[in-house]
Number of protein chains: 2
Amino acid sequence: MSNYQTNIQCQADRFKALSNPHRLALYQRLCTCCTPSTACTPDEATRFCVGDLGEGLDIAPSTLSHHLKELHRAGLIAMQRNGKNVECWVETDTLQEMIGFFHTNLTIKD
Amino acid sequence: MSNYQTNIQCQADRFKALSNPHRLALYQRLCTCCTPSTACTPDEATRFCVGDLGEGLDIAPSTLSHHLKELHRAGLIAMQRNGKNVECWVETDTLQEMIGFFHTNLTIKD
DNA sequence: CCCATAATTCGAAACATGTCGAACTATCAA
DNA sequence: TTGATAGTTCGACATGTTTCGAATTATGGG
């Protein structure tokens, strides 16, 4: 498979991971690491444990786990066990690439 | 439904539209309206007719039509008949919103 | 008016996704 | 070691998606 097609597929997989409202809500929750209009370094990204992250979403634990696995498979989030909990945080590199995807294609004049 | 949920759903629908490699390729083709690192105004966005847009993708006309309808339903592209052809171009407003989605959530320090 | 070209709609088949509950694994505390 | 808490895996079911070919609509040329 050509490099072009690999990139398209990879990017499509990321969009697919964000195409479900529940997953998008989870991702967004992880993304809002800073107070608006402030910046943070990648290692300051908010960490939520799985349970807290799913709070208020009204989905079964098994469904929550499935969704987080999808986000992880797409490279959008990182996960690491810490004691009884599993912590999740956003993969900032991938987020940067997502932003880059839109910018490299079209630059619109003001 | 709350405004928050409406936005999540709307944004998820856009990502879903871009989650298929064929659709993403079509969208990207429309997005590359300018030569790299130059800017264009919204009305300068490249127009492709449906047939040309699907060139090289090896999909049936009915499939192509279906994919473009999905992109249109998500508000990502505009379509207009011009004689025998139907012209497509990118909805720059929506593109801007997509970019904004990522930026409003996380600002990463260099 | 008929025909060719461009695109859409429809129906069907194969496949993928979202969701749950039940059963399971991992960790820590008493 | 036993029990409680946190997550994951599995199987099943309903629903949605991708794709095609065939039939249909739209448009302009001769």
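Chain letters run A, B, ... following the sequence lines, proteins first, then strands; residues in each count from 1. All values derive from a computational prediction rather than experimental measurement.
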Any N/O pairs under 3.5 Å between the protein and nucleotides 24-29 of chain D? List them or say none.
none

Check your understanding: By side-chain contact (heavy atoms from CB on, under 4.5 Å), which residues pair with A/Gln80, not counting sequence neighbours?
Key -> A/Arg47, A/Trp89

Point to revise | Nearest heavy atoms of A/Cys49 and A/Asn85, plus distance in Å | key: CB-CB, 3.8 Å

Check your understanding: Rounding to a whole Å, what distance do you find between A/Gln80:CD and D/dG7:C1'?
Key -> 15 Å

Where do N or O atoms of nucleotides 14-20 of chain D meet protein N or O atoms at under 3.5 Å, pair by pair?
unit_1: D/dT17; atom_1: OP1; unit_2: B/Lys16; atom_2: NZ; d: 3.4
unit_1: D/dT18; atom_1: OP1; unit_2: B/Asn20; atom_2: ND2; d: 3.4
unit_1: D/dT18; atom_1: OP1; unit_2: B/Arg23; atom_2: NH2; d: 3.4
unit_1: D/dT18; atom_1: OP2; unit_2: B/Arg23; atom_2: NH1; d: 3.0
unit_1: D/dT18; atom_1: OP2; unit_2: B/Arg23; atom_2: NH2; d: 3.3
unit_1: D/dT19; atom_1: OP1; unit_2: B/His22; atom_2: ND1; d: 3.1
unit_1: D/dT19; atom_1: OP2; unit_2: B/His22; atom_2: ND1; d: 3.4
unit_1: D/dT19; atom_1: OP2; unit_2: B/His67; atom_2: NE2; d: 2.5
unit_1: D/dC20; atom_1: OP2; unit_2: B/Ala60; atom_2: N; d: 3.0
unit_1: D/dC20; atom_1: OP2; unit_2: B/Thr63; atom_2: OG1; d: 2.7

Revision key, fill the gap. Quick note, salt bridge (charged side-chain N to carboxylate O under 4.0 Å, His left out) partners involving residues 12-24 of chain B, not counting sequence neighbours, are B/Arg14-B/Glu97

Exercise for review: Compute the centroid of each ring, for A/Phe101 and then for B/Phe102, and state whether the two points are separated by less than 6.0 Å.
Suggested key: no

Revision key, fill the gap. Per side chain to side chain contact (heavy atoms under 4.5 Å, CB included), B/Ile77 is matched among B/Thr94, B/Leu53, B/Leu30, B/Leu26 by B/Leu30

Check your understanding: Taking only residues two or more places apart in sequence, or in another chain, which ones meet A/Glu91 in a salt bridge (Lys or Arg N to Asp or Glu O under 4.0 Å)?
Key -> none

Check your understanding: In whole angstrom, what separates A/Arg47's CZ from D/dA6's C1'?
Key -> 18 Å

Point to revise | side-chain hydrogen bond (donor to acceptor under 3.5 Å, both in side chains) partners for A/Arg73, two or more places apart | key: A/Glu70

Check your understanding: Which value, rounded to the nearest 0.5 Å, describes the distance between A/Leu76 atom CG and A/Tyr27 atom OH?
Key -> 5.0 Å

**Study point:** Which residues share a ring pair (Phe, Tyr, Trp, His ring centres under 6.0 Å) with B/Phe48, sequence neighbours left out
**Key:** none

Point to revise | By side-chain contact (heavy atoms from CB on, under 4.5 Å) - contacts of B/Val86 (at least two apart) | key: B/Val50, B/Met79, B/Arg81

Practice item. Taking all heavy atoms of B/Leu71 and all of B/Ala17, pick out the closest pair and write down the distance. Key: CD2-O, 3.8 Å

Point to revise | Set of residues satisfying side-chain hydrogen bond (donor to acceptor under 3.5 Å, both in side chains) with respect to A/Asp58, sequence neighbours excluded | key: none

Review point. Looking at five pairs on each end of the helix from C/dC1-D/dG30 to C/dA30-D/dT1, what is the angle between the two axes, given to 10 degrees?
Key: 20°

Revision key, fill the gap. Across all chains, not counting sequence neighbours, the side-chain contact (heavy atoms from CB on, under 4.5 Å) partners of A/Ser65 are none

Check your understanding: Nucleotide range of DNA chain C contacted by chain B, 5' to 3', under 4.0 Å to a heavy atom?
Key -> C/dT5 to C/dT9

